[in-house]
Each structure stands twice: as structure tokens, then as C-alpha cells.
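All values reported here derive from a predicted model rather than from experimental measurement. What's counted below: heavy atoms across the whole structure, side chains too, no hydrogens, waters or symmetry copies.
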Amino acid sequence: MRAMWINGKYVFAEAEPYPALNPATEEVVGESTWGSEEHVETAVAAAKTAFSDWRRMPAAERAGLLHAVARRLRQHLEEIAVELTLETGRSIRKNRGYVEWSAQCFDYYAELARHYRGRLIPSPESSQLSVVLKVPLGVVGAIVPWNYPLLLLTWKLAPALAAGNTVVVKPATYTSWVSLGFAKLFEHLPPGVVNLITGSGRTVGERLVTHPDVRMIAFTGSTEVGQRIMRLAADDVKHVHLELGGKDPLIVCRDADLDAAAQASVWAGFLNAGQVCTSVERVYVDREVYSPFLDRVLEITCRLVVGPGSDPESEVTPMIRIEERDKVDAQVRQAESAGADVLLGGRVPPDKKKGYYYEPTVVTGLTEEMAVMREETFGPVLPVAPVSGFEEALARSNKSHYGLGATLFTTDARKVKQYMEEIEAGNVWVNDPLIDNVAGPFGGMKRSGLGRELGLEGLEDFLETKHIHWEIEGGRKPWWYPWT
Ligand code: NAD
């Protein structure tokens, strides 16, 4: 059984442990100790105590400790990748890449934070200095979803620590086991700087959100839970950083490279069984090229290899749980009964007797009212709809509560310019969906979130800003009392 990591020690709870399930086989692969609100108290107290030394540590020294986290990630790369595949079901091939990328994120913020402390601005008085000082917030609560347990944790943890904060992490229930295994990456840090606790969102998660000593909640997860966290955080006017759901559109213009657009749509729709926050969940195709595009999409999709993430050849891996698969299937069935055509998939693969697999599914004949075109699906479903042209596609893309990611396939620079400015999404891709860059900001507009991760913006969000007006020469000012 895996323990929590609190104040530099491994801690077991008294409650029944939580089992880790392999989504490809439905077998139990491990157990995590199951925390309670009491563990939130001890973890937050430890993080609060650790904060005073951690914030004062010279930036270069702190950077050295964060580079050491990156080194540990690389040392344990294979073991972590295998465990991520065991508990999330996703491809081992991708998981190896994500461990390396997480290491790069620690290296990046270790250095960035050494160069950033605010700025000096001209003062209204020649005898004064105006200092814009960036300081850490204090204890940060990081709440992470199950789809990328390491990467999405890293995007919070690396900048939060580099900025001088201490952190209490609550991973998602489904991925508690693999997340507790990350404690070995932080054993060299002073006790209390990083704490990993488990427990349910409703109890442990909410206690973390409402704890008066937690100054910021950095959350990635569903829009519904994000909304609840924002409401709960309002009492203390706590900083909230929210990375939420999406319903990402991809537009294919008549001038696009059709073959590339079809391959990219299939990849971005079915990667990690569609359980990526920026999965392509709506494809709008210019009617002039709709038919050849759809043919190509079907051709590629029917050849995809559906199988366990442990096999590097598997292209579409299982979903995380049967409940999640049922939700996806319900959306497909609802669309079908409202007149949509399920051209491929829409079922559990007949040869998969175990595991939470769902066949890669292509749906057409859609209306914007169908849930599959409006609500986040978070599964391997690609709805494809014809449009009269770029303008209609752009308008339909923006007609959504969400605004996380969006992709345009075109060779026309004028369309790109208009798209860059008018698409309502925080992450915009042109001719290459889902590519990420640790040095550039990631995040959503509208109900997809608040704040940005990665890049300089990702560091800024974990810092408080102070403006210091420093009178150096001293003495009485003529505008003070008495006026005579
Ligand atoms: P979720 O919202 O159910 O849970 C996310 C985390 O919040 C988990 O750790 C959970 O235990 C915790 N939680 C649940 N209820 C809580 C509460 N009341 N108070 C505090 N914490 C609570 O999301 P999920 O099912 O784990 O992940 C899938 C969702 O995450 C999808 O909607 C997806 O789009 C979103 N997501 C967004 C991004 C992004 O960067 N925008 C990235 C990945 C996933």
C-alpha cells in the first residue's frame, strides 16, 4: 500500500485503502492509503511552516533543488511511465515522452524564477524608488485530474515552487496510486515544501479549498467542479487558477492540406481515447471538400489499432473507467436517436471482453443542439459537420460556453490572421493541433478557465504583486499636514 507524503514523512491513514485499477484489464494493481480532512490540516500546517524558509532560500539554491527533481524524473522515467500506463491505461510510448516533458518543465521554471522578481519603474518623486515586487503567495493547494496525473501536476508544482510557494497536492481518486509514487521525486526537498495527500474531492478537496491558510487553489478538472471551487474560494477571496473543460473545434478550409487535416483530426480526436482536455470534439469542414475529407477520416480511423497502453503499437487505448465510457456512449446514443449517423464505432469493441475500451467513433448528420456538439464528451468520438465556409465555421466554433483550444487548417494567411484575433480560445493551433511549448502560456477562455499555466504567465499566476514607494532621502513633504 502506498502512503501519503506529509512534512517529509510517509504517512498512512486508518481508513480502508483505495484500490488502483488497470483500465485495460480491470485488475487491481495497487492500493493507496485514503486520507481525510485531518490530513489536510497536518499537510497545510507543514506547508505553512516550511514556507518561511523556502521563500527566503536564494533563488539559485532553490533552482538547484528543482533541477534535482528533473534529474529524479529522468532517473525514474521508465518506472513512472509504466505505472502511469498501469493506472491510466494510456500509451506507454506517450507516457515516456510525458515524463521527459515534465522534467523539462522543472528545468524551465528552475531557471525562469532566477531571473524574475519584478521591476523598477520611474517614480513621481526624484528622491524615491518605485519597486514592483513579486512575492510568493504562501501555501498553494494543487488539485489535479486523472487524465495526466504527472504532467498537469508538474505545470502547477514547478512554477509554484520556483516562485517560492509551498504546496499541498491532492491527486484525482482514480490516479491516487501513481501520484503517491511521485513522493520519491521530492524526498530531497525540505520537509513540508511538497505534500501529497489523497481522499475524495468532496471532503479532502473541499477542505483544502476552504482552509484559511491556503492562499491559492490551482485546479485542473471539470467545469462543474471548477465553478464550485470558485464559489467556495470566494469567502476568503482566495486566488483561484482554473484549467477546465473544453469542446474544441477544428476547422478545415477548402484551401487546406486535406490529407494532413484528416490525419490530424483523427489523432487529436482519439489520442488518449479522447480524454485530453484539448481533444478535438467538433470538426467543421468546408462543404466543397467535405466528402473527400470524410472519406480520408474514415479510412484512417478504421485502421487504428485499439489495444492496451502497455503495447507501444496501440493507438487507441482504454478509457479510465466504465462510468466514463457509459457517459460517452450515452451521448452517442442520444445523437443517434436525434438523427445523427454513426459511421464508425459507437460501441465497445466486440473482441475486448475486459477493459474499458470504446471504439473510435465518427459521427455525422449533426445539429448544434445535440449534446455531442455542445457538451464535453471526453471520449473517442469525432463529430464531423459540413459548413458553407470559413465564416460559418468560425461563428459555430465560437458558439460555445467553452473556449479552451481551437485549430484551423488552411493555407490562406488572411484567414489565419482573422482566426488568431477572433477565435474565442486560449490555445490556438494552425495546421498542427495539440502541440505544446513549456515556454508559452496554456489555458482557457469563458467556462474553460481562468489564468494560464506554462511560460512566464504560468509563473506570474503563482506570485503576488506589491508596489513599493520608497522615499530614500526622507524628510517632511510639503503636501503633508500642517498645510501652513
Ligand atoms: P473532476 O473535476 O471530476 O476532478 C478533478 C479533481 O478535483 C480531482 O482531484 C477530484 O478529486 C477533485 N474534486 C472533485 N470534486 C471536488 C470538490 N468539490 N472540491 C475540491 N476538489 C474536488 O475532473 P476529472 O474527471 O478528474 O478530469 C476530467 C476533467 O478535467 C475534464 O472536464 C477535462 O476537460 C478537465 N481537464 C482540463 C484540463 C485543462 O488544462 N483545461 C486538463 C485536463 C483535464
Side-chain angles (χ1 to χ4, degrees), residues 1-5 10 12 16-35 72-103 144-154 157 169-187 196-200 220-221 270-277 305-325 328 348-349 351-358 378-380:
M1 179 170 44
R2 288 202 169 155
M4 291 180 277
W5 176 249
Y10 287 99
F12 289 96
E16 277 292 297
Y18 188 86
L21 276 192
N22 180 344
T25 62
E26 304 179 27
E27 284 163 2
V28 174
V29 291
E31 283 183 332
S32 319
T33 196
W34 198 235
R72 283 170 180 241
L73 272 163
R74 292 188 175 103
Q75 274 159 12
H76 293 282
L77 188 146
E78 189 58 24
E79 174 195 336
I80 294 175
V82 166
E83 288 187 359
L84 283 168
T85 295
L86 264 181
E87 205 177 22
T88 65
R90 56 169 309 158
S91 162
I92 181 73
R93 184 197 289 253
K94 298 301 292 177
N95 282 335
R96 287 189 185 114
Y98 285 122
V99 181
E100 167 53 30
W101 199 33
S102 300
V144 189
W146 47 261
N147 62 335
Y148 289 88
L150 174 66
L151 194 72
L152 296 175
L153 170 60
T154 299
L157 203 49
V169 178
K170 198 210 84 67
T173 310
Y174 294 163
T175 46
S176 297
W177 177 77
V178 68
S179 304
L180 290 182
F182 303 153
K184 60 182 161 290
L185 307 171
F186 311 118
E187 281 170 340
L196 300 171
I197 58 173
T198 53
S200 87
T220 302
F270 301 138
L271 177 70
N272 197 19
Q275 302 166 115
V276 183
C277 53
V305 179
V306 179
S310 54
D311 179 348
E313 300 309 312
S314 299
E315 291 166 319
V316 182
T317 47
M319 296 192 60
I320 189 87
R321 284 290 190 280
I322 197 158
E323 296 87 332
E324 305 299 325
R325 182 176 72 185
V328 171
V348 173
D351 63 327
K352 298 280 185 283
K353 302 294 177 224
K354 284 274 177 196
Y356 313 122
Y357 293 94
Y358 198 71
F378 225 57

Spatial distance of atom [atom1] ([X]) from atom [atom2] ([Y]) [nearest 0.5 Å]:
| X | Y | atom1 | atom2 | result |
| --- | --- | --- | --- | --- |
| S102 | L84 | OG | CG | 8.5 Å |
| T317 | D311 | OG1 | CG | 11.0 Å |
| S32 | Y18 | OG | OH | 8.5 Å |
| L73 | E100 | CG | CD | 9.0 Å |

Worksheet item: Do R325 and V328 pass the side chain to side chain contact (heavy atoms under 4.5 Å, CB included) test, and can you show the C-alpha distance, the side-chain angles, and the key distance before you say yes or no?
Response: CA-CA 5 Å; R325 182 176 72 185; V328 171; 5.7 Å; no

Just by modelled atom types, is the [Y] backbone N or O under 3.5 Å from a matching donor or acceptor in the [X] side chain?
| X | Y | value |
| --- | --- | --- |
| T175 | P171 | no |
| S314 | P308 | yes |
| K170 | G199 | yes |
| R72 | K184 | yes |
| Q275 | G379 | no |
| N22 | A24 | yes |

Worksheet item: Is there a donor in the side chain of R90 and an acceptor in the side chain of Y148, or the other way round, less than 3.5 Å apart?
Response: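 Yes.
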
Discussion item. With no hydrogens and no angle check, just 3.5 Å: does a side-chain donor-acceptor pair link E324 and Y358?
Written reply: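 There is no such pair (donor and acceptor under 3.5 Å, judged by atom type) between the side chains of E324 and Y358.
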
For [X] against [Y], the heavy-atom pair lying closest together:
| X | Y | value |
| --- | --- | --- |
| W34 | T198 | CA-OG1, 3.6 Å |
| S179 | P149 | OG-CB, 4.0 Å |
| T33 | A3 | CG2-CA, 3.8 Å |
| M319 | P380 | SD-CD, 3.9 Å |
| V305 | E313 | CB-O, 3.7 Å |
| V276 | N147 | CA-ND2, 4.0 Å |

Worksheet entry | Other residues, nucleotides, ligands: >12 heavy atoms within 6.0 Å of E323 CD |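 Yes, because the 6.0 Å sphere around CD of E323 holds more than 12 heavy atoms from other groups.
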
Any side-chain heavy-atom pair from [X] and [Y] closer than 4.5 angstrom?
| X | Y | answer |
| --- | --- | --- |
| L180 | L196 | yes |
| L150 | V99 | yes |
| S310 | I92 | no |
| Y356 | I320 | no |
| V29 | L21 | no |
| I80 | L185 | yes |
| P145 | L152 | yes |
| L151 | W101 | yes |

Item to complete: Take W177 and F182 through the ring-ring contact (aromatic ring centres under 6.0 Å, His included) test and state the conclusion after the steps.
Response: CA-CA 9 Å; W177 177 77; F182 303 153; over 10 Å; no

Fill in: Quiz item: cation-pi between R321 and Y174, 6.0 Å / 45°
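Yes, R321 sits over the ring of Y174.
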
Worksheet item: So, for F186 and W5, is the gap between ring centers shorter than 6.0 Å?
Response: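 Between W5 and F186, which both carry aromatic rings, the centre distance is not below 6.0 Å.
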
Worksheet item: Got a salt bridge between E83 and R2, using NZ or NE/NH1/NH2 to carboxylate O under 4.0 Å?
Response: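 A salt bridge links E83 with R2.
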
